[in-house]
Amino acid sequence: MKEEEKELVRNSLLELFAVEEDNKVAAQIAVIMAQIARKDWPRAWPKLFPALDHAVQSKNPMHNFRGIEVLHQVLSTRA
């Protein structure tokens, strides 16, 4: 996969994770983000943690939950 395509996928995931309403789909997005982060963060995905921080600090409860869910998956994968 070309780097431009990978960046498109990463950016799309950053847009989708906080707004996905279906819990099962959101859980899978979190797992995918964690797997990508394992290989790409921090070098190729510097926007990941600022986006998660923004979601966790949002006033929208769903954004908070999704941010925490992704953060949990990312940290569990990195351990």
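One is the number of the first residue; the rest follow in order along the sequence.
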Asker: Please set out all donor-acceptor pairs under 3.5 angstrom arising from side-chain atoms of residues 41-55, sequence neighbours excluded.
Answerer:
from : atom 1 : to  : atom 2 : distance (Å)
D53  : OD1    : Q57 : NE2    : 2.7
D53  : OD2    : Q57 : NE2    : 3.2

Asker: Donor-acceptor pairs under 3.5 angstrom involving side-chain atoms of residues 23-34: please list them, not counting sequence neighbours.
Answerer:
from : atom 1 : to  : atom 2 : distance (Å)
N23  : OD1    : R66 : NH1    : 3.1
N23  : OD1    : R66 : NH2    : 2.9

Asker: Any side-chain heavy atom of V19 within less than 4.5 Å of one from H63?
Answerer: yes

Asker: What distance do M62 atom CE and E69 atom CD have between them, rounded to the nearest 0.5 Å?
Answerer: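 Answer for the CE-CD pair, M62 versus E69, is 11.0 Å.
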
Asker: In terms of hydrophobic clustering (I, L, V, M, F, W, Y; side-chain heavy atoms under 4.5 Å; direct or indirect links), are M1 and I36 co-clustered?
Answerer: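 M1 and I36: one cluster.
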
Asker: Are L14 and F65 connected into the same hydrophobic cluster when the rule is that any two of I, L, V, M, F, W, Y join if their side-chain heavy atoms are below 4.5 Å apart?
Answerer: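 The answer is no; the residues belong to distinct hydrophobic clusters.
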
Asker: For the hydrophobic clusters of this structure (ILVMFWY residues joined by side-chain heavy atoms under 4.5 Å, transitively), does one cluster hold both I68 and V74?
Answerer: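 Hydrophobic grouping puts I68 apart from V74.
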
Asker: What is the distance from atom CZ of R38 to atom OG of S76, rounded to the nearest 0.5 Å?
Answerer: 12.0 Å

Asker: Please identify each residue that fulfils salt bridge (charged side-chain N to carboxylate O under 4.0 Å, His left out) with E3, with sequence neighbours left out.
Answerer: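 For E3 the salt bridge (charged side-chain N to carboxylate O under 4.0 Å, His left out) partners, ignoring immediate neighbours, are R10.
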
Asker: Quick one: pull up NZ in K6 and NZ in K39 and give me the separation to the nearest 0.5 Å.
Answerer: 8.5 Å

Asker: Do L71 and L16 belong together in a cluster built from hydrophobic side chains that touch within less than 4.5 Å?
Answerer: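 Same hydrophobic cluster.
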
Asker: Would you sort out whether N60 and N64 count as a side-chain contact (heavy atoms from CB on, under 4.5 Å), showing the intermediate values?
Answerer: CA-CA 6 Å; N60 183 321; N64 294 140; 6.0 Å; no

